[in-house]
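Heads up: the structure comes next, in structure tokens.
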Amino acid sequence: MTDDYFMNTYHRLPVTLVQGDGAWLRDAEGRRYLDFTAGIAVNCLGHNHPALVKALSDQIPRLIHVSNYYQTDISRRFAEKLAAACAGAGARKVFLANSGAEANEGACKIARKYSLKKYGPGRHTIVTLKGSFHGRTITTLSATGQEKVHQDFGPFTGGFVHVEGGDVDALDRALDPRTTAAFLMEPVQGESGVRPQTESYVKAAAGLCAERDILFMADEVQCGLGRTGTFLACEAYGVRPDVVTLAKGLAGGVPMGAFLAGDKAAEVLETGDHGSTFGGNPLACAAGLAVLEVITAPAFLKEIARKGERLAGAVRGWNHPQVTAVRGRGLMTGVDITTGAWPALEALIARAEVPGGTGGAAAGPAKPGLLLLSAGPNTLRFLPPYIISDAEIDLGLEMVRDVLDRAAGG
Ligand SMILES: *Cc1c(COP(=O)(O)O)cnc(C)c1O
């Protein structure tokens with residue numbers, strides 16, 4: 001088997017996955033891996049979830065795709081349920097796309113047009129945070145507040161300004177009502193280390209935006225859809241974004257993105273302003289509806305919050321000398337590791353196994369491996385599927401701790 005026909009964009013692990021079940025994956029050699037990544041917050045219901053499999057199996061023989069020039073019952077039902085789930089945060093109308101980057105592009109288009117129609121040209125700047133991640137298209141790279149992505153692919157889309165998160169004064173200065181259309185932020189930054197913004201900062205930001213008629217836009221592509229224990233992370237902050245973007249877990253693994261707008265911006269985009277060939281096709285909507293039915297069921301979100309607290313509490317309880325910080329909300333946890341111990345954790349991530357320890361590929365099929373992510377330098381990122389059990393969380397943590405103990409000993 002060869003990877004020769006792929007461009008070199010990914011550093012792939014030497015693991016060929018063939019079957020998933022719940023929080024578990026199996027490779028071509030029959031080894032089992034506990035999944036603490038959920039496909040980067042995508043497989044929120046885990047693998048092979050009966051409700052998702054049934055919804056897709058029922059939909060496939062009916063309609064996989066029709067163009068957005070026609071109506072379908074499944075897309076109407078999905079849009080209604082999604083809008084209802086986001087109504088508590090003020091959302092009213094939705095546009096369906098295929099990815100997080102596309103969702104954020106759409107949000108930027110809404111912001112630009114909202115401001116242009118109301119105030120005329122020149123008020124187009126979109127302020128974002130340093131360390132943010134908003135996608136890989138040329139425009140969403142511009143939105144992303146990390147220098148390393150602003151190379152090689154220029155010229156980039158203009159009109160983006162990046163400020164330090166947590167600094168209300170800096171934001172106050174950046175949100176110039178003469179030039180600024182919107183502020184776009186991740187309530188909990190994912191890629192750059194699992195960093196929740198403070199409640200006071202998010203509230204202040206929403207307040208400044210409201211006062212200046214600047215759109216307050218939340219990128220909840222990673223932290224939305226129950227990941228942090230509320231349907232939208234914004235709910236826990238007590239703010240109502242004018243625009244919110246979603247993707248990753250939205251259809252449980254079928255590609256799908258969305259942006260939603262509340263009263264201020266719901267009618268900004270008009271016929272012909274935006275579109276997507278695949279966006280919200282019947283297959284994706286069937287999957288999305290199944291996901292929403294599961295995660296909006298009573299007590300489901302509370303369980304995510306409980307499991308997340310249990311997980312973070314367990315890591316804090318280790319009082320491990322190699323752990324310097326534990327952050328996050330719900331089942332989105334970042335654990336900072338000392339630079340001394342980090343290479344051992346990097347090896348765990350790169351091999352998906354605990355060398356000679358509790359499990360791993362080398363130990364044979366009986367001993368499980370662990371799929372794990374990092375987020376920035378020295379930070380482990382735990383994004384397990386929502387359906388993970390307490391025992392599975394404990395098992396994954398045991399593997400991490402085993403590596404940490406050895407790193408400390410060596
Ligand atoms: C993953 C991610 C994106 C980009 O999503 P894609 O589907 O890869 O385009 C945007 N914003 C945030 C916060 C993300 O985590």
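For ligands, and for the atoms within them, numbers begin at 1 and follow the listed sequence.
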Side chains of [X] and [Y]: donor-acceptor distance under 3.5 Å anywhere?
| X | Y | answer |
| --- | --- | --- |
| Asp242 | Tyr114 | no |
| Arg76 | Gln71 | yes |
| Asn43 | His49 | no |
| Gln146 | Ser192 | no |

Sorted by chain and number, the residues that approach ligand 1 to under 4.0 Å with a heavy atom: Ser99, Gly100, Ala101, Asn104, Phe133, His134, Gly135, Glu186, Glu191, Asp219, Val221, Gln222, Lys248
4.5 Å side-chain heavy-atom contact, Ile138 and Glu105: no
Plane angle bin for His274 and Phe95 - parallel if under 30°, tilted between 30 and 60°, otherwise perpendicular: tilted
